[in-house]
2 protein chains.
Amino acid sequence: MASAATPRADRHAEAASTRERILDAALAAFSEHGFDGATTRAIATRAGVNLGLIPYYFEGKEGLWREAVDRAFGDLRRGLADVLGDTSAGNDRERAALLIRGYVRFVAAHPEFVRLMHEEGKRDSRRMRWLVDRHVRPLFEATCNLIEQGERISRLPAGVDPLHFYYILAGSVGILFHQAPECRRLTGVDPRQDVVVEAHADALVHLLLGNELEENAT
Amino acid sequence: MASAATPRADRHAEAASTRERILDAALAAFSEHGFDGATTRAIATRAGVNLGLIPYYFEGKEGLWREAVDRAFGDLRRGLADVLGDTSAGNDRERAALLIRGYVRFVAAHPEFVRLMHEEGKRDSRRMRWLVDRHVRPLFEATCNLIEQGERISRLPAGVDPLHFYYILAGSVGILFHQAPECRRLTGVDPRQDVVVEAHADALVHLLLGNELEENAT
DNA sequence: GTCTATAATTAGATAGAC
DNA sequence: GTCTATCTAATTATAGAC
């Protein structure tokens, strides 16, 4: 935007804000339309900046995509930080329930996260390998640790490969919000409403952890 | 392909097979790359036919997409016909378990089905509305009927909006196979192997229906 | 650092020969 | 019915002015 008339040295601040606005627009566009469906023109327009600034700042479309993904995972870490750091909860089951609820609320507030993941995970590609190696594997391993710790309290029989639990959790939480526009047309209900989000979290906690009374029923 | 030299009237058969080959290639391409990512050139090449035959037979790319989706839902109906028609199973729980297993096996064998659905359901578009109105709503309503019938036997508390169960089922079954390439890189395991498919079905039946001993525990 | 203007590529669609 | 050749539009990337 304004550059020639600025006093001298909040050029840095302006450039940073330009960069951020491009990243915001890119994250929205990539998650909604996929990598191929999102155009750099639409991203530049949405960010209110010139098309040429995208290769200038990000070394092309794919570099922009990588930084947008980094940002999405940063959002996830920030969004789960408080619920992960909270050790005040009573027993194991309550902590697990808190974690599930926290993830449901995060995805409801950030459907773009799960849309990015599902867009890339469905085919083998350079982007998929980068995404798995850089972001998904650490997330998967952390989740597996939690699953093994929680095996006594979850309703999943012990000894089952944690990948099943991981994908059941990812899918059953994510798809409702991934498919929010479909759900709206299908049912008339916007799944991102608070009441729906909480009902989904309730249903999942019930299914995955059982109710309080039957703890360790399996 | 051969056309001038053919005797006279298996032109119909040839044309039908050309049409079918294009549809096969289109279903694979659309599900793997999405509508924007799939190119008509790639589809024509994969089908071994000329590019011009796509607008000729299908009135353009979007018409081709619609017929490919029709075919995918035809596959679903055929794939579930036997398990839906089977009334020989003993009790309600066993029939529900059979249905869940049948759907898991279908998606494992036809990941393109769930990829098409997830590609379009994530944003509002003409294609999404067509898909929901023509195919998803009937499927949703049939599923809701089964859910209400099965409410006594499922582990979901009664009175919860069936949309939660529908999306939990769709997501927890679908994502493992939707993300098969990711899963392979992440875990080294191909989720489409028989043992993995059956383990996933086992885990889901256990979580959604409970084990036999605690039937109606809720 | 941001813009305008444009190059180079690729997309889907079509005209016309056979 | 199927092919070759081509058209128009839209894509990403870049050169160069300011």
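Remember, predicted model here, so these are calculated numbers, not experimental data. Lettering of chains follows the sequences in order, A, B, ..., and the numbering in each one begins at 1.
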Could you run down the sub-3.5 Å N/O contacts of the protein with nucleotides 4-11 of chain C?
from, atom 1, to, atom 2, distance (Å)
C/dT4, OP2, A/Asn50, ND2, 3.4

Note, B/Arg185 side chain near A/Val136 side chain (heavy atom, < 4.5 Å):
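No, side chains not in contact.
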
Side chains of A/Tyr167 and B/Glu182, heavy atoms from C-beta outward: is any pair under 4.5 Å?
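A side-chain contact exists here, since the closest heavy-atom pair is under 4.5 Å.
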
Over how many whole Å does the gap from [X] atom [atom1] to [N] atom [atom2] extend?
X: B/Ile43; N: C/dA13; atom1: CD1; atom2: P; answer: 11 Å
X: A/Ile22; N: D/dA13; atom1: CD1; atom2: P; answer: 13 Å
X: B/Glu14; N: D/dC3; atom1: CD; atom2: P; answer: 10 Å
X: B/Phe58; N: C/dG12; atom1: CZ; atom2: P; answer: 15 Å
X: A/Ile54; N: D/dT11; atom1: CD1; atom2: P; answer: 12 Å

State whether A/Thr18 places a side-chain N or O below 4.0 Å from either non-bridging phosphate oxygen (OP1 or OP2) of C/dG1.
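No, because none of the side-chain N or O atoms of A/Thr18 sits under 4.0 Å from OP1 or OP2 of C/dG1.
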
Determine: side-chain N/O of B/Tyr56 to OP1/OP2 of D/dT2, distance under 4.0 Å, yes or no.
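So the side-chain polar atoms of B/Tyr56 never come under 4.0 Å of the phosphate oxygens OP1 or OP2 of D/dT2.
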
Is the closest basic N to carboxylate O distance between A/Asp24 and A/Arg46 below 4.0 Å?
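The answer is no: the pair does not qualify as a salt bridge.
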
Which one of B/Arg71, B/Arg77, B/Arg78 satisfies the salt bridge (charged side-chain N to carboxylate O under 4.0 Å, His left out) criterion with B/Asp75?
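One option only clears the test, and that one is B/Arg78.
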
Taking it one step at a time, do B/Arg66 and B/Asp70 satisfy salt bridge (charged side-chain N to carboxylate O under 4.0 Å, His left out)?
CA-CA 6 Å; B/Arg66 282 194 299 267; B/Asp70 283 347; over 6 Å; no

From the list D/dC3, D/dT14, C/dT2, which nucleotide is the closest neighbour of the side chain of A/Tyr57?
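Nucleotide nearest to A/Tyr57's side chain: C/dT2.
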
Check for me whether A/Arg127 meets the cation-pi criterion with A/Phe35, that is, NZ or CZ under 6.0 Å from the six-membered ring centre and within 45 degrees of the ring axis.
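Yes, a cation-pi geometry holds between A/Arg127 and A/Phe35.
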
